[in-house]
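See below for the structure under consideration.
Remember, it's a predicted structure, so these values are computed and weren't measured experimentally. Both counts, for ligands and for their atoms, begin at 1 and track the order of listing.
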Amino acid sequence: MNIPYHRSVLLIVVPLVVLCLPAISDAESSCISCHTDLPVDELSQPAQNFTADLHNLAGFGCQDCHGGDPTVGMDDYELAHSASKGFIGVPDEQEIPGLCASCHADVEFMKQYDPKLQVDQLLEYRSSHHGKLLAEGDDKVATCVSCHGVHGIRPIDDTRSSVYKTNIARTCAGCHSDEDYMAEYDIPTKQFAQYKESIHGRKLMDEGDLAAPTCNNCHGSHGATPPGLTSVSNACGSCHANNLEYFNQSPHNDAFAMMEIGKCETCHGHHDVEQPTREEFGIGEDSKCLDCHSEGDAGYTAAKVMAEGYDSLETTLDQARELLERAERGGVDVSLGKFDLHSADDALIKARTAVHYFDTTKYNEVVQAGLIDAQKVIEQGHEAVDDLEMRRIGLAFTIPVILLVALALYLRVRQIERTKPYA
Ligand code: HEC
Ligand code: HEC
Ligand code: HEC
Ligand code: HEC
Ligand code: HEC
Ligand code: HEC
Ligand code: HEC
Ligand code: HEC
Ligand code: HEC
């Protein structure tokens, strides 16, 4: 580690500063008292930031990571830093995982503070691509402090933490999107750019939907490797359970395994998952099915039948909705119809998931259920509209009658007035 300031300056400045510092009480750490006011950012910031660090709040001090003696007087910083007091200076990248893990992998020790906290970070880290490369001497990979920072570490569920869910992608991108930094490696640097634009990135980072995944949902927090085919679809399936379950029952399950292609990424991608549309199945230009199937084979026929089913459900629903709206505008109560429309709408949503059966019979069951509900709504809609017509016809008959009666009354009144003798 190179510290970018001139030590000779310190030889003059430091004794002066140290002389001016107030004497410290026993309870205070001389590391903190002295470092807080040192005139070099690299030396003072660790102490200043440490105030908010959860390790400080949990009662740990500088010496718990750096060694040294925080109790020696302010006039003896040589002694505070002495190797005989266990001072290790600034740990380098190779030493950091072991240093953090000296507590974090110690089950008995950690239990005293937070029994829920996992203690497998080092184990996981060593299994990761980062950890393996570090062991080979590559210091550019992420270590504990690249992701967590140091001296200002906050609980992971604090929104200001560098690994709070909505901040993780930017933390990883700090290296992975830096073309210069990553130049010597043979991997792309567009993961974050793609993720940010994906449905997942937009949900999480723009809309704050914490249910959407970020980097560590697919890569793990400490075990980051390119996920294998099985682990990716299991990751997708941990949130999209029905899609995975249907896929596993589908003819694609064995076929994709044989082709050694991913269950989900084959159609949806991974960093760039988009909101798919009906156009992605069926036999139109944008159909993913036609990447592998062609006219004449069973997959093609299935794609065609499923798309027709979906479209007829959608058209029927539109008709039903329009009828209800007409009746409602005319003042007829359509709450029952609206209720049935809801469950027919649900079928359309279910059909989007049922695509993953890749089976016309199972798909059509969902579509049929929707069609039956939609048909019910249409009948109710027709009744409501008929009702409306009846009222109109009724109105058309009653208005002339009322007018006639009014006219008759008017004439009668005039007649009475005329025959009245003048007073
Ligand atoms: C009286 C002031 C003073 C006290 C007390 C003090 N330091 Fe320092 N510390 C310094 C100065 C000045 C430097 C920079 C010069 C140097 O590296 O020796 C420094 C440097 C360091 C460095 C960087 C070392 C390097 O190799 O670059 C670390 C880490 C550090 N101190 C930790 C501690 C810890 C932990 C304690 C308490 C056990 C402590 N300091 C107590 C003044 C102090
Ligand atoms: C949880 C462990 C931990 C604690 C507690 C801790 N440090 Fe550090 N410190 C580190 C690590 C790890 C590094 C190396 C960071 C890196 O390589 O980016 C470091 C780096 C430093 C450096 C060198 C900074 C630089 O930019 O060159 C100084 C100075 C320092 N620490 C002082 C302190 C002081 C003073 C305290 C107490 C206020 C303290 N540290 C508390 C782990 C710790
Ligand atoms: C590549 C980035 C990265 C590295 C390297 C890393 N962490 Fe983490 N760490 C994370 C993320 C992301 C989380 C948040 C997990 C979550 O939200 O569930 C986390 C969570 C944690 C937690 C909270 C408990 C847990 O396991 O979820 C601890 C403690 C922790 N890390 C310690 C470490 C230690 C010690 C090291 C080094 C051996 C380390 N981390 C290395 C990214 C990293
Ligand atoms: C001296 C022991 C010790 C060392 C060394 C240490 N930690 Fe911790 N750390 C703890 C303890 C204890 C907790 C739990 C504190 C609590 O729950 O109040 C903790 C909590 C954490 C958490 C928060 C987990 C959560 O619940 O959100 C992170 C992140 C973390 N440490 C990272 C690190 C990193 C990174 C290093 C190395 C630079 C490190 N720790 C070194 C003892 C240590
Ligand atoms: C300090 C910089 C740094 C940070 C921060 C970082 N990485 Fe890395 N990561 C690297 C480097 C360097 C490699 C090695 C690239 C290689 O070997 O091709 C790597 C490799 C990887 C790989 C394996 C790529 C491959 O196929 O070779 C994955 C996956 C990965 N990182 C994910 C993550 C995730 C997820 C995060 C955030 C939680 C993260 N990284 C944070 C620097 C970083
Ligand atoms: C929805 C799951 C998912 C999310 C979220 C995700 N990844 Fe990936 N990532 C993958 C899959 C799957 C691969 C493997 C691609 C392959 O082997 O072809 C991969 C590959 C990688 C690689 C290896 C190089 C490459 O591009 O193929 C890196 C590095 C990486 N991801 C980093 C990240 C980072 C950084 C984030 C967050 C910004 C992230 N990933 C978010 C699933 C995901
Ligand atoms: C941590 C949970 C999680 C993981 C892991 C996950 N997703 Fe998602 N996914 C979501 C959430 C939340 C949404 C947004 C849901 C919504 O509002 O429709 C979403 C949206 C989607 C959408 C668009 C949905 C729509 O209504 O059009 C697709 C497609 C998708 N994910 C596929 C995948 C694939 C493929 C993977 C694995 C590579 C994956 N997801 C991993 C939670 C997850
Ligand atoms: C052969 C291509 C293909 C495969 C493989 C595939 N999907 Fe889909 N998926 C689609 C199509 C096409 C749609 C759009 C259906 C629509 O909009 O009507 C879709 C829609 C979705 C949706 C949005 C609808 C919903 O269910 O909420 C999600 C989420 C989704 N897929 C997840 C997955 C997951 C997870 C896997 C892996 C288990 C997977 N998909 C495998 C083609 C595929
Ligand atoms: C990545 C290539 C690929 C894509 C994309 C794909 N399939 Fe398939 N599909 C296969 C393979 C391989 C088989 C098994 C061999 C066969 O029967 O053609 C298969 C089989 C099927 C079967 C069973 C056929 C039978 O013989 O009973 C159906 C149904 C099917 N696919 C429907 C679809 C639909 C619908 C889509 C689009 C949403 C789709 N497939 C997209 C590769 C694919």
Side-chain angles (χ1 to χ4, degrees), residues 1-5 29 31-32 34-36 38 40-51 53-56 60-66 68 70 88-93 95-96 99-100 102-103 143-146 148-151 153 165 198-200 202-204 207 209-214 217-218 227 232-248 250 252-253 256 261-271 273-282 286-289 291-293 299 303 306-307 310 314 348-356 358:
M1 158 100 22
N2 286 322
I3 295 189
Y5 53 81
S29 150
C31 324
I32 295 182
C34 182
H35 272 265
T36 302
L38 288 174
V40 177
D41 280 354
E42 281 90 341
L43 298 171
S44 61
Q45 297 238 301
Q48 289 163 9
N49 295 343
F50 197 56
T51 322
D53 191 301
L54 63 87
H55 295 98
N56 181 33
F60 298 107
C62 318
Q63 69 283 359
D64 288 308
C65 288
H66 292 285
I88 60 163
V90 180
D92 66 23
E93 281 78 2
E95 293 166 326
I96 290 173
L99 170 64
C100 304
S102 64
C103 294
T143 71
C144 317
V145 298
S146 328
H148 291 287
V150 63
H151 305 130
I153 298 179
K165 183 142 192 185
S198 77
I199 177 76
H200 292 143
R202 281 182 284 133
K203 282 276 170 194
L204 179 65
E207 294 174 29
D209 179 354
L210 296 180
T214 180
N217 286 100
C218 297
V232 183
S233 32
N234 285 341
C236 311
S238 69
C239 300
H240 303 292
N242 288 339
N243 304 67
L244 178 62
E245 192 194 318
Y246 299 169
F247 182 95
N248 286 344
S250 82
H252 286 155
N253 193 38
F256 280 26
I261 55 176
K263 294 182 181 185
C264 313
E265 320 86 277
T266 299
C267 291
H268 294 294
H270 47 93
H271 297 137
V273 175
E274 251 321 314
Q275 207 146 19
T277 62
R278 144 73 182 84
E279 275 62 50
E280 290 178 28
F281 69 100
D286 295 330
S287 170
K288 295 245 194 297
C289 314
D291 290 351
C292 303
H293 294 289
M306 283 159 63
Y310 186 95
E314 198 170 47
L348 200 64
I349 294 171
K350 285 192 188 131
R352 296 187 69 216
T353 309
V355 166
H356 301 84
F358 305 106

Subject >> Residue pair V232 / E265, side-chain heavy-atom distance below 4.5 Å >> reply: yes
Original post:
Going from CZ on R278 to CG on L348, what distance comes out if it is rounded to the nearest 0.5 angstrom?
Top reply: 11.0 Å
Original post:
Heavy-atom distance to atom 22 (C) of ligand 8: which of N234, N253, N243, L348 wins?
Top reply: N243
Subject >> Shortest protein heavy-atom distance from atom 24 (C) of ligand 7, along with the residue and atom involved >> reply: P276 CD, 4.4 Å
Original post:
Angle class for the F358/H356 ring planes (parallel below 30°, perpendicular above 60°, tilted otherwise)?
Top reply: perpendicular
**OP:** Please answer whether the main-chain N or O of I153 pairs with a side-chain N or O of D53 as donor and acceptor at a distance below 3.5 Å.
**Re:** yes
**OP:** Would you mind listing which atoms of ligand 7 come within a distance below 4.0 Å of any non-hydrogen atom of E274?
**Re:** 29 (C)
Original post:
Against heavy atoms of V150, which atoms of ligand 2 measure under 4.0 Å?
Top reply: 10 (C), 11 (C), 42 (C), 43 (C)
Subject >> Pairwise distance CG(L204) to OG(S198) - rounded to 0.5 angstrom >> reply: 9.5 Å
Original post:
Heavy-atom distance under 4.5 Å between the side chains of L244 and N234, does that happen here?
Top reply: yes
**OP:** Please name all residues satisfying side chain to side chain donor-acceptor pair (under 3.5 Å) with H66, sequence neighbours left out, ordered by chain then number.
**Re:** none
Original post:
Does the protein place any heavy atom closer than 4.0 Å to atom 40 (N) of ligand 7?
Top reply: yes
Subject >> Set of side chain to side chain donor-acceptor pair (under 3.5 Å) partners for N248, sequence neighbours left out >> reply: K263
Original post:
Quick check: does C65 put an N/O/S atom under 2.8 Å from atom 8 (Fe) of ligand 2?
Top reply: no
**OP:** Could you tell me whether the side chain of P46 reaches within less than 4.5 Å of the side chain of H35, counting heavy atoms only?
**Re:** no
Original post:
Just which atoms of ligand 7 are under 4.0 Å from any heavy atom in A211?
Top reply: 1 (C), 2 (C), 12 (C), 42 (C)
Subject >> Numbered atoms of ligand 8 (with element) below 4.0 Å of K263, judged on heavy atoms >> reply: 4 (C), 5 (C), 37 (C), 41 (C)
Original post:
Do any nitrogen or oxygen atoms of K203 lie less than 3.5 angstrom from nitrogen or oxygen atoms of ligand 7?
Top reply: yes
Original post:
By number and element, which atoms of ligand 2 are closer than 4.0 Å to a non-hydrogen atom of G61?
Top reply: 5 (C)
Original post:
Taking only heavy atoms of N217, which atoms of ligand 7 are found under 4.0 Å from at least one of them?
Top reply: 1 (C)
**OP:** Take every heavy atom of F358, measure it against each atom of ligand 8, and state whether any distance is under 4.0 Å.
**Re:** yes
Subject >> Side chain T36, main chain A47, donor-acceptor under 3.5 Å >> reply: no
Subject >> Interatomic spacing from OG1 in T266 to CG in D291 - rounded to 0.5 Å >> reply: 10.0 Å
Original post:
For E280, is at least one N or O under 3.5 Å away from an N or O on ligand 8?
Top reply: no
Original post:
Is the distance between atom 8 (Fe) of ligand 8 and the nearest N/O/S atom of C267 smaller than 2.8 Å?
Top reply: no
Original post:
Can you tell me which residue and heavy atom of the protein come closest to atom 26 (O) of ligand 7, and the distance to 0.1 Å?
Top reply: R352 NH1, 3.3 Å
Original post:
What residue and heavy atom of the protein are closest to atom 18 (O) of ligand 8, and at what distance?
Top reply: F281 CE2, 3.3 Å
Original post:
D64 near ligand 2, heavy-atom distance under 4.0 Å?
Top reply: no
Subject >> Nearest-0.5 Å distance that lies between atom SG in C236 and atom NE2 in H270 >> reply: 10.5 Å
Original post:
For the residue pair Y310 and A351, what are the closest heavy atoms and their distance?
Top reply: CD1-CB, 4.2 Å
Original post:
For ligand 8, which atoms, with element, lie under 4.0 Å from some heavy atom of F256?
Top reply: 5 (C)
Original post:
Taking non-hydrogen atoms only, is H356 closer than 4.0 angstrom to ligand 8 via side chain, backbone, both or neither?
Top reply: side chain
Subject >> Where Q63 and G68 come nearest, the two heavy atoms and their spacing >> reply: CB-O, 3.7 Å
Original post:
Can you check whether T353 has an N/O within less than 3.5 Å of an N/O in ligand 8?
Top reply: yes
**OP:** Mind checking whether H35 contacts ligand 2 via backbone (N, CA, C, O), side chain (CB onward), both or neither, at a 4.0 Å heavy-atom cut-off?
**Re:** side chain
Subject >> Nearest protein heavy atom with distance in Å, relative to atom 11 (C) of ligand 8 >> reply: V355 CG1, 4.3 Å
**OP:** Could you tell me which residues satisfy side chain to side chain donor-acceptor pair (under 3.5 Å) with E274, sequence neighbours excluded, listed by chain and number?
**Re:** R202
Original post:
Does T277 reach ligand 8, in the sense of a heavy atom lying below 4.0 Å from it?
Top reply: yes
Original post:
Is any N or O atom of H151, backbone or side chain, closer than 3.5 Å to an N or O atom of ligand 2?
Top reply: yes
**OP:** Using a strict 4.0 Å cut-off to heavy atoms of C264, name the atoms of ligand 7 that fall inside it.
**Re:** 35 (C)
Original post:
Quick one: CZ on F60 to SG on C65, what's the gap to the nearest 0.5 Å?
Top reply: 9.0 Å
Subject >> Atom indices of ligand 2 within 4.0 angstrom of A47 heavy atoms, with elements >> reply: 38 (C)
**OP:** Please could you name the atoms of ligand 2 that I32 approaches to less than 4.0 Å, counting only its heavy atoms?
**Re:** 38 (C)
**OP:** Output the list of atoms in ligand 7 that are nearer than 4.0 Å to some heavy atom of H268, sorted by atom number.
**Re:** 29 (C), 35 (C)
**OP:** Answer side chain, backbone, both or neither: which part of N242 comes under 4.0 Å from ligand 8, heavy atoms only.
**Re:** neither
Subject >> Sub-3.5 Å N/O-N/O distance, H66 and ligand 2 >> reply: yes
**OP:** Give a yes or no answer on whether the side chain of K165 reaches the backbone of L210 with a donor-acceptor pair at less than 3.5 Å.
**Re:** yes
Subject >> Interfacing atoms of ligand 7 (cut-off 4.0 Å, heavy-atom, A235) >> reply: 5 (C)
Subject >> Value rounded to 0.5 Å, distance of OG in S146 from CD1 in I96 >> reply: 7.0 Å
Subject >> Contacts of atom 8 (Fe) of ligand 7 with protein N/O/S atoms, counting only those under 2.8 Å >> reply: H200 NE2, H240 NE2
**OP:** Mark yes or no for whether N49, through its side chain, and H151, through its backbone, hold a donor-acceptor pair below 3.5 Å.
**Re:** no
Subject >> Heavy-atom side-chain contact between D41 and Q45 under 4.5 Å >> reply: yes
Subject >> Contact bool for atom 28 (C) of ligand 7 (protein heavy atom, d < 4.0 Å) >> reply: yes
Original post:
So do the side chains of C218 and H271 get within less than 4.5 Å of each other, counting heavy atoms only?
Top reply: no
Subject >> Minimal non-hydrogen separation, V355 against F281, with atom names >> reply: CG2-CE2, 3.8 Å
